[in-house]
Novice: 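Before we start, here is the structure in question, set down as structure tokens.
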Amino acid sequence: VNLGLVSFQPAELVKILFVLYIASFVSRKRQELRNWMVGLLPSVTVGGMLFVLLMLEGDLGTALILSSVLGLMLFLGNARIPHLLTVLALGAIGGATMLHFSPARAERFACAWKPDECSEDAKWQTRNAQWAFGSGGATVVGLGNGLQTNQGFLLKSQSDFVYAVIGE
């Protein structure tokens, strides 16, 4: 969202608000979290809706971060382990379904586990991020001044590969 002098990604605001919401929910419903319908289902429903919206925007990273935060906070909040494992299994099925319908995402995911077996296209972004990070050297070239960043070799450098931009 561009507001003239500043711009921001709504997902960044969602991260903060979601953590505050879940923290409030867990602190208020600590005893009810042991009950699937009263305690766990409402928080998982909100988390699931956010996950779907983020995935529709193509923001897998934020969706996984929020899912992990939700799971950790529910675990620390006294939710039952079998309930959390059920939600985790449903999430894994949903993730596998998404990978099935998105071959490009599936290939990138597979590259994380076996990079030597990936095509050059699938390794392109990761390789350029490594080059960006390495080209900074000990003295770095200055934030935003790197060749990999400025010449468009790092797609989504503002989010997915910000670490490489900073390292460059």
Novice: Stepwise, does the side chain to side chain contact (heavy atoms under 4.5 Å, CB included) test hold for I22 with V69?
Specialist: CA-CA 9 Å; I22 294 299; V69 166; 5.9 Å; no

Novice: If Ile, Leu, Val, Met, Phe, Trp and Tyr residues are connected whenever their side-chain heavy atoms lie under 4.5 Å apart, and connections chain through other members, are L53 and F18 in the same group?
Specialist: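 As far as the 4.5 Å side-chain criterion goes, F18 and L53 are not connected within one cluster.
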
Novice: Nearest 0.5 Å, what's the CG-CZ distance between L85 and R80?
Specialist: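 The distance works out to 12.0 Å.
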
Novice: State whether the side chain of S24 and the backbone N or O of L20 hold a donor-acceptor pair below 3.5 Å, judged by distance alone.
Specialist: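 Such a contact is absent between S24 side chain and L20 backbone.
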
Novice: Side-chain contact test, heavy atoms from C-beta onward, threshold under 4.5 Å: evaluate it for L84 versus L40 and give yes or no.
Specialist: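 Yes; the side chains approach each other to less than 4.5 Å.
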
Novice: Heavy-atom distance under 4.5 Å between the side chains of L74 and V44, does that happen here?
Specialist: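 In short, these two side chains touch, coming nearer than 4.5 Å.
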
Novice: Answer with yes or no whether the hydrophobic clustering places L72 together with F51; edges join I, L, V, M, F, W, Y residues whose side-chain heavy atoms lie under 4.5 Å apart.
Specialist: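 L72 and F51: separate clusters.
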
Novice: Got L50 and V14 here, is their nearest side-chain heavy-atom distance under 4.5 Å?
Specialist: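 L50 vs V14: side chains touch.
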
Novice: Please report the shortest heavy-atom distance between H83 and R34, naming the atom on each side.
Specialist: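 Minimum heavy-atom contact is CE1-O, 3.4 Å.
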
Novice: Please answer: with hydrophobic residues joined when any side-chain heavy atoms are less than 4.5 Å apart, are L66 and L76 in the same cluster?
Specialist: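 Yes, L66 connects to L76 through the hydrophobic network.
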
Novice: Is there a path of hydrophobic side-chain contacts, each under 4.5 Å between heavy atoms of I, L, V, M, F, W or Y residues, that connects L13 with V52?
Specialist: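 No, it is not one cluster - the side chains of L13 and V52 are not joined through contacts under 4.5 Å.
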
Novice: Report, one line per pair, each donor and acceptor closer than 3.5 Å where one atom sits in a side chain of residues 95-102; sequence neighbours left out.
Specialist:
| from | atom 1 | to | atom 2 | distance (Å) |
| --- | --- | --- | --- | --- |
| T97 | OG1 | I93 | O | 2.8 |
| S102 | OG | R105 | N | 3.4 |

Novice: Would you say the side chain of L70 lies within less than 4.5 Å of the side chain of V87, judging by non-hydrogen atoms?
Specialist: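 SC-SC contact between V87 and L70 ruled out.
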
Novice: Which heavy-atom pair separates Y21 from V46 by the least distance, and what is that distance?
Specialist: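 For Y21 versus V46, the nearest heavy atoms are OH-CG2, 3.7 Å.
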
Novice: Between I81 and V26, is there a shared hydrophobic cluster once you connect ILVMFWY residues whose side-chain heavy atoms come closer than 4.5 Å?
Specialist: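 I81 clusters together with V26.
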
Novice: Measuring from atom CE of M55 to atom OG1 of T62, what distance do you get when rounded to the nearest 0.5 angstrom?
Specialist: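 It comes to 10.5 Å.
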
Novice: Please report the shortest heavy-atom distance between S43 and G39, naming the atom on each side.
Specialist: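 Looking at all heavy atoms of both residues, the closest pair is OG-O, 3.8 Å.
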
